[in-house]
Amino acid sequence: MTEVLSVPSGSGSHGGALLEVEDLHVEFRTRAGVAKAVNGVTYRVDAGETLAVLGESGSGKSVTAQTIMGILDVPPGKVTGGQIRFHGADLLKMPDDQRRKIRGEGISMVFQDALSALNPVFPVGWQIAEMFRTHRGTSRSEAKKKAVELMDRVRIPAARERANDYPHQFSGGMRQRIMIAMAIALDPEILIADEPTTALDVTVQAQIMGLLAELQRDSNMGLILITHDLGVVADVADKIAVMYGGRIVEEAPVHDLYRRPAHPYSKGLLESIPRVDLKGHELYAIKGMPPNLLDMPSGCAFHPRCPYRRDNCVTDAPALYPIDGARGSACHYWREVLDGESG
Ligand code: SF4
């Protein structure tokens with residue numbers, strides 16, 4: 001039987017975004033202390049829109065995604081504040097059975113490591129078919145037919161024959177396509193792709209990004225693309241949220257951020273992208289290490305690494321200052337960064 005979401009359907013039916021994360025706080029209680037992984041994250045994604053969430057590992061981007069999906073390890077993880085609204089309904093206040101229904105049908109996720117996300121002992125076609133059987137009660141033969149159609153849609157050659165193969169019989173890129181097929185099986189309204197191309201070589205990366213963009217266009221999904229690599233999102237994202245130390249430090253339409261970053265960290269990330277026209281030059285790297293979440297720096301968390309730092313940066317945490325309506329920067333000196341003046 002088809003499971004029905006008990007939240008209003010149809011994007012924007014409540015007059016807001018499809019998905020809104022507001023002032024989300026998540027921490028992990030460990031023996032070494034409390035790690036503040038997400039510290040007031042706010043973003044929204046509309047139907048047909050792609051948000052790239054960018055940051056180094058430990059920046060809070062994946063923990064935010066896991067919290068949206070309801071797959072955070074609790075404990076040690078704990079949501080200590082905020083809301084995650086899907087069609088206006090707060091997922092964090094929903095009973096577990098209601099959230100389970102939204103997982104897959106409303107919001108779905110592609111993980112970085114397809115080999116460990118797929119079950120090694122079942123053929124891939126069977127695993128995709130199970131999505132239909134479990135969530136929709138589809139008959140065995142119909143589910144298998146749908147699985148082959150989906151494998152075709154994500155361009156697995158000879159899909160009918162290959163449906164009987166096991167995950168280890170596919171290349172990394174093909175396994176990622178199978179993961180994507182499973183993630184879109186139930187026509188989710190939001191797809192979260194967490195580092196979907198990290199383990200793949202550059203040509204295959206481009207193919208997978210192209211496939212995600214095409215699927216999104218066809219179905220008008222909202223897409224949240226989580227990555228540490230600014231280079232892979234330029235052509236597919238509409239807007240970018242740059243995360244550092246569990247906070248969004250810059251948010252901007254993608255082309256604005258590429259043209260004129262307004263935060264020293266985003267500027268550093270952009271300068272670290274290898275460029276063919278600078279062949280022979282030493283590659284730029286942001287100095288220092290990401291912050292220790294158990295012992296966050298005072299004031300602006302980026303201050304130990306920031307070439308623009310002034311005295312007040314060590315004591316005063318910057319808010320996300322609005323710039324030109326459509327963007328924001330959590331830097332006291334964003335004007336100087338935009339103008340390229342440091343020191
Ligand atoms: Fe750098 Fe200060 Fe801006 Fe933080 S607030 S990014 S330390 S200039």
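Counting convention: from 1, in listed order, for ligands and their atoms alike.
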Peer 1: I want to verify a count. Protein N, O or S atoms less than 2.8 Å away from atom 4 (Fe) of ligand 1, how many are there?
Peer 2: 1

Peer 1: Under 4.0 Å between a side-chain nitrogen and a carboxylate oxygen: does that hold for Asp165 and Arg162?
Peer 2: yes

Peer 1: Look at the aromatic rings of Phe302 and His263 and report parallel, tilted or perpendicular, splitting at 30° and 60°.
Peer 2: tilted

Peer 1: Would you mind checking if Glu27 and Lys78 are paired as a salt bridge, meaning a charged N to carboxylate O distance below 4.0 Å?
Peer 2: no

Peer 1: For the CG atom on Asp218, are there more than 12 heavy atoms of other groups (residues, nucleotides or ligands in this structure) within a distance under 6.0 Å?
Peer 2: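 Yes, CG of Asp218 has more than 12 neighbouring heavy atoms, counting only those of other groups under 6.0 Å.
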
Peer 1: Check Lys61 with Glu195, please: is the shortest side-chain N to carboxylate O separation under 4.0 Å?
Peer 2: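 Counted as a salt bridge, because a side-chain N and a carboxylate O are separated by less than 4.0 Å.
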
Peer 1: With a cut-off of under 6.0 Å to the ring centre and 45° to the axis, is Arg305 in cation-pi contact with Tyr265?
Peer 2: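 No - Arg305 does not lie over the ring of Tyr265 by the 6.0 Å and 45° rule.
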
